[in-house]
Amino acid sequence: MTRIRKAIFPVAGLGTRFLPATKAMPKEMLPVVDRPLIQHVVDEARQAGIEHFIFVTGRHKAVIEDHFDRQFELELTLVERGKKADLALLSQDLPEPGTFSFTRQQSPLGLGHAIWCARELVGNEPFALLLPDVLVQHPRGCLAQMIDAAKDLDDNANILAVEEVPADRIHMYGVVGVGAAKGKAFKITKMVEKPKAAEAPSNLSITGRYILQPQIFDLLEKQVAGTGGEIQLTDAMVALARTQPFYGLKFEGRSFDCGSKIGFLSANVAYALERPDIAPAFRSELRRLLGEK
Ligand code: G1P
């Protein structure tokens with residue numbers, strides 16, 4: 001498969017599930033330990049070799065753009081105070097100039113529409129799509145695992161990360177039907193957005209990481225509103241699947257749906273427990289809170 005150089009991050013959502021925290025601050029800036037959600041997802045894309053990071057933002061999201069820029073006054077103060085470790089941390093995360101692009105979704109018409117807003121920035125090449133609500137915790141990030149798996153697949157393959165979900169949560173996700181195995185992946189035979197558990201083709205949900213061919217943009221342009229009155233990416237993928245293969249990859253690692261409060265809180269606990277500088281003290285604090293010794 002052609003090398004995947006570009007990734008889209010749709011960050012235009014209103015974050016109503018986290019009000020009032022997200023009244024004046026984008027939900028993508030909520031911290032998981034000490035890094036914003038969006039930074040974790042950008043880290044995953046960087047590890048997978050992504051070179052151009054495309055953000056589809058909305059009004060009141062300018063702080064995301066600021067986060068990926070220099071903060072001159074802060075840097076100056078850190079220099080003056082000799083805080084070398086903090087300075088190194090900031091410069092390690094700072095993108096190369098020209099590798100981050102921002103465009104706005106002007107109306108909240110759905111995920112499919114948000115992706116379509118990035119068409120001019122992506123151009124005519126396959127690209128990655130990462131939904132920042134989802135974090136996957138694994139030393140080899142989910143997108144890197146997908147790019148590894150793509151080596152065994154056709155050049156025009158579309159690839160979706162999938163995972164098992166319990167029946168009582170299946171109606172919250174896109175769900176795939178399972179066909180023949182190919183390398184580490186399997187052929188997708190069906191895709192349905194937010195089905196009832198009884199009508200779902202399997203218990204495998206689409207987990208917020210995609211590798212898609214650029215032909216999706218023409219289909220998104222024609223796509224009419226689907227589930228929830230929104231232009232759905234899944235509906236356009238169903239149309240694309242008539243002419244191109246779709247594969248699912250059951251990735252390794254633990255996923256967190258940070259669009260939900262429980263998922264977000266669990267991610268904070270899980271990521272803190274992996275941090276050598278915090279884990280020992282945090283573990284005993286957790287035990288204390290849970291009433292154990
Ligand atoms: C979106 C997709 C859905 C996918 C989910 C993963 O839904 O439409 O197919 O399973 O992300 O988080 P949303 O969560 O935006 O409603």
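Order of appearance sets the numbers: ligands from 1, and atoms from 1 within every ligand. Just so you know, residue 1 is the first one in the sequence shown, and it goes up from there. Only this structure's heavy atoms are used, side chains among them; waters, hydrogens and symmetry mates stay out.
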Strictly under 6.0 Å, is that where the ring centroids of Phe55 and Phe100 end up?
-> yes

Who's the nearest protein heavy-atom neighbour of atom 2 (C) of ligand 1, and how far?
-> Glu193 OE2, 3.6 Å

Starting from atom 11 (O) of ligand 1, which protein heavy atom do you reach first, and at what distance in Å?
-> Leu131 CD1, 3.3 Å

Select one of side chain, backbone, both or neither to describe which atoms of Asp133 lie under 4.0 Å from any atom of ligand 1, heavy atoms only.
-> neither

Under-4.0 Å heavy-atom contact between protein and atom 15 (O) of ligand 1 = no

Going by an N to O cut-off under 4.0 Å, is there a salt bridge joining Asp218 and Arg119?
-> no

Heavy-atom proximity to atom 13 (P) of ligand 1 ranks first, among Arg209, Glu163, Met237, Lys194, for Lys194

Ranked by distance from atom 12 (O) of ligand 1, the top protein heavy atom is Val134 CG2, 3.7 Å

Between Ile206 and ligand 1, is there a nitrogen or oxygen pair with a distance under 3.5 Å?
-> yes

Salt bridge (charged side-chain N to carboxylate O under 4.0 Å, His left out) with Arg70: which residues, sequence neighbours excluded?
-> Glu75

Kindly say whether the aromatic ring centers of Phe264 and Phe18 come within a distance under 6.0 Å.
-> yes

So is Leu233 close enough to ligand 1, meaning a heavy atom under 4.0 angstrom away?
-> no

Tell me whether the centres of the aromatic rings in Phe246 and Phe186 are closer together than 6.0 Å.
-> no

State whether the shortest distance between N or O atoms of Met172 and N or O atoms of ligand 1 falls below 3.5 angstrom.
-> no

Glu164/Lys250 ion pair, N-O < 4.0 Å | yes

Quick one: which ligand 1 atoms are inside 4.0 Å of a heavy atom on Thr234?
-> 9 (O)

Check salt bridge (charged side-chain N to carboxylate O under 4.0 Å, His left out) between Arg140 and all other residues, then give those that pass, not counting sequence neighbours.
-> Asp148

